[in-house]
Peer 1: 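Mind having a look at this structure? Questions to follow.
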Amino acid sequence: MAATKQIKNADTKKIAKAKTKSLPADETKQLKMSETRAKKIKHSYKVKDAENSLLLKLKDGDVVIEMYPEVAPNHVARIKELVRAEFYNGLKFHRVIDGFMAQTGCPYGTGTGGSGKKLKAEFNRTPHKRGTVSMARSMFPDSADSQFFICFKDCSWLDGQYTVWGEVTSGMEYVDMIKKGQGANGEVYDPDEIISMKVIADI
């Protein structure tokens, strides 16, 4: 994976929230969702644990990622923290290698940055296969931060060397449509972006 460097919190890119037109309260239409409808929407994603599942919105469709807190608890907790802070919204898939993986999570869109908090490795026996979601890092084991990658195909040579924390269980065909990079290192010109990421329990 591309090397990452620690950046200070003050230097971390702030993801701006969408601006909405200010309207007087009496002119704003309020749409409430019933608890029953909310449960049906969550159930429609058919996940085992909504608290440990993510909805990744891409340009071509929705992707569901089920996380593995049992093998990578600290990584899963940090990913959820970043997702709930809307850190990933708008970030680019800056490194995409056809037949290998798509990498994202850098606030600069270059593969050189992170959120400012390195994580101790939680290498596990979960294999890197098609749909696996794993953490990018530098040559140092405990250097993972916010960048992660999704495998397009089985990548057994990565097993035990990167922290696997989840798996795409729905929408892998949309991951396949992420714009690919050119050259051996997979840098992408005008890359695709994460439209949004949410914990399914929060929807």
Side-chain angles (χ1 to χ4, degrees), residues 1-22 33 38 41-42 45 47-59 61-96 101-122 132-138 142-150 162-171 174-175 178 191-203:
M1 298 305 98
T4 62
K5 68 177 182 179
Q6 191 77 4
I7 62 173
K8 296 180 180 179
N9 288 332
D11 295 331
T12 304
K13 179 181 176 183
K14 303 295 183 184
I15 307 301
K17 294 184 177 180
K19 294 181 180 179
T20 56
K21 185 177 180 181
S22 179
M33 183 183 294
I41 290 174
K42 291 177 188 178
Y45 293 114
V47 295
K48 298 174 184 176
D49 180 3
E51 174 59 28
N52 288 302
S53 300
L54 302 174
L55 180 63
L56 166 63
K57 285 188 171 292
L58 302 178
K59 72 179 192 310
D62 293 351
V63 178
V64 174
I65 298 171
E66 293 197 42
M67 297 184 281
Y68 300 150
E70 66 278 9
V71 296
N74 294 328
H75 283 71
V76 168
R78 180 57 176 163
I79 291 293
K80 288 195 292 184
E81 184 178 18
L82 290 172
V83 167
R84 284 173 164 147
E86 301 183 358
F87 175 85
Y88 289 107
N89 296 359
L91 297 194
K92 303 178 186 303
F93 283 92
H94 63 274
R95 183 172 181 241
V96 185
M101 60 89 222
Q103 184 172 333
T104 185
C106 172
Y108 299 146
T110 60
T112 60
S115 68
K117 181 179 179 180
K118 291 183 179 179
L119 300 168
K120 185 174 178 58
E122 292 178 302
T132 292
V133 188
S134 189
M135 292 302 282
R137 64 173 178 83
S138 71
D142 300 333
S143 60
D145 185 330
S146 59
Q147 293 189 44
F148 66 87
F149 60 94
I150 303 173
Y162 296 85
T163 298
V164 175
W165 58 266
E167 177 185 359
V168 173
T169 57
S170 176
Y174 304 127
V175 176
I178 294 172
D192 287 348
E193 299 179 349
I194 294 174
I195 295 173
S196 68
M197 280 182 76
K198 293 182 180 180
V199 177
I200 289 180
D202 297 343
I203 297 173

Peer 1: Taking the side chain as every heavy atom from C-beta outward, state whether Ile65 and Thr169 have any atom pair closer than 4.5 Å.
Peer 2: no
Peer 1: Can you run down the salt bridge (charged side-chain N to carboxylate O under 4.0 Å, His left out) pairs that involve residues 72-84, sequence neighbours left out, and say none if there aren't any?
Peer 2: Glu51-Lys80, Glu51-Arg84, Arg78-Glu81, Arg84-Asp202
Peer 1: Side chains of Trp165 and Met135: does their closest heavy-atom pair fall under 4.5 Å?
Peer 2: yes
Peer 1: Between Asn52 (side chain) and Met67 (backbone), is there a donor-acceptor pair under 3.5 Å?
Peer 2: no
Peer 1: How long is the gap from OG1 on Thr132 to CD on Glu167, to the nearest 0.5 Å?
Peer 2: 6.0 Å
Peer 1: Check whether the side chains of Thr112 and Thr110 place a donor and an acceptor atom closer than 3.5 Å, and report yes or no.
Peer 2: yes
Peer 1: Would Val199 and Leu54 count as a side-chain contact (heavy atoms from CB on, under 4.5 Å) if you check the C-alpha gap in whole Å, the side-chain angles of each, and the deciding distance to 0.1 Å?
Peer 2: CA-CA 5 Å; Val199 177; Leu54 302 174; 3.9 Å; yes
Peer 1: Just to verify, what does Glu66 make a salt bridge (Lys or Arg N to Asp or Glu O under 4.0 Å) with, not counting sequence neighbours?
Peer 2: none
Peer 1: Kindly indicate whether the side chain of Leu56, heavy atoms from C-beta on, has any atom under 4.5 Å from the side chain of Tyr174.
Peer 2: no
Peer 1: Identify the heavy atoms of Val47 and Ser53 that sit nearest to each other, and give their distance.
Peer 2: CB-OG, 3.4 Å
Peer 1: To the nearest 0.5 Å, what is the distance between CG (Asp62) and NZ (Lys198)?
Peer 2: 10.0 Å
Peer 1: Can you find a pair of side-chain heavy atoms, one from Ser170 and one from Tyr45, that are under 4.5 Å apart?
Peer 2: no
Peer 1: Looking only at side chains, do Ser138 and Ser143 share a donor and an acceptor under 3.5 Å apart?
Peer 2: yes
Peer 1: Heavy atoms only: give me the nearest Ser146-Gly113 pair and the separation to one decimal.
Peer 2: OG-O, 4.5 Å
Peer 1: For a 4.5 angstrom cut-off between non-hydrogen side-chain atoms, does Asp142 reach Leu119?
Peer 2: no
Peer 1: Apply the side-chain hydrogen bond (donor to acceptor under 3.5 Å, both in side chains) test between Asp192 and each candidate in Lys59, His94, Lys92; give the one that qualifies.
Peer 2: Lys59
Peer 1: Decide whether a cation-pi geometry holds between Arg137 and Tyr162; the criteria are a distance under 6.0 Å from NZ or CZ to the six-membered ring centre and an angle within 45° of the ring axis.
Peer 2: yes
Peer 1: Does one side chain, of Ser196 or Asn89, offer a donor that lies under 3.5 Å from an acceptor on the other?
Peer 2: no
Peer 1: Considering only heavy atoms from C-beta outward, does the side chain of Phe148 approach that of Tyr88 to under 4.5 Å?
Peer 2: yes
Peer 1: Between Val133 and Val164, does the side-chain contact (heavy atoms from CB on, under 4.5 Å) criterion hold? Intermediate values first, please.
Peer 2: CA-CA 6 Å; Val133 188; Val164 175; over 6 Å; no
Peer 1: Using 4.0 Å as the upper bound for N to carboxylate O, is an ion pair formed by Lys118 and Asp145?
Peer 2: no
Peer 1: Between Gln147 (side chain only) and Gly111 (backbone N and O only), is there a donor and an acceptor less than 3.5 Å apart?
Peer 2: yes
Peer 1: The criterion is side chain to side chain contact (heavy atoms under 4.5 Å, CB included); which residues satisfy it with Glu122, sequence neighbours excluded?
Peer 2: Ala72, Pro73, Asn74, His75, Thr163
Peer 1: Return the CD1 to OG1 distance between Ile178 and Thr104, rounded to the nearest 0.5 Å.
Peer 2: 8.0 Å
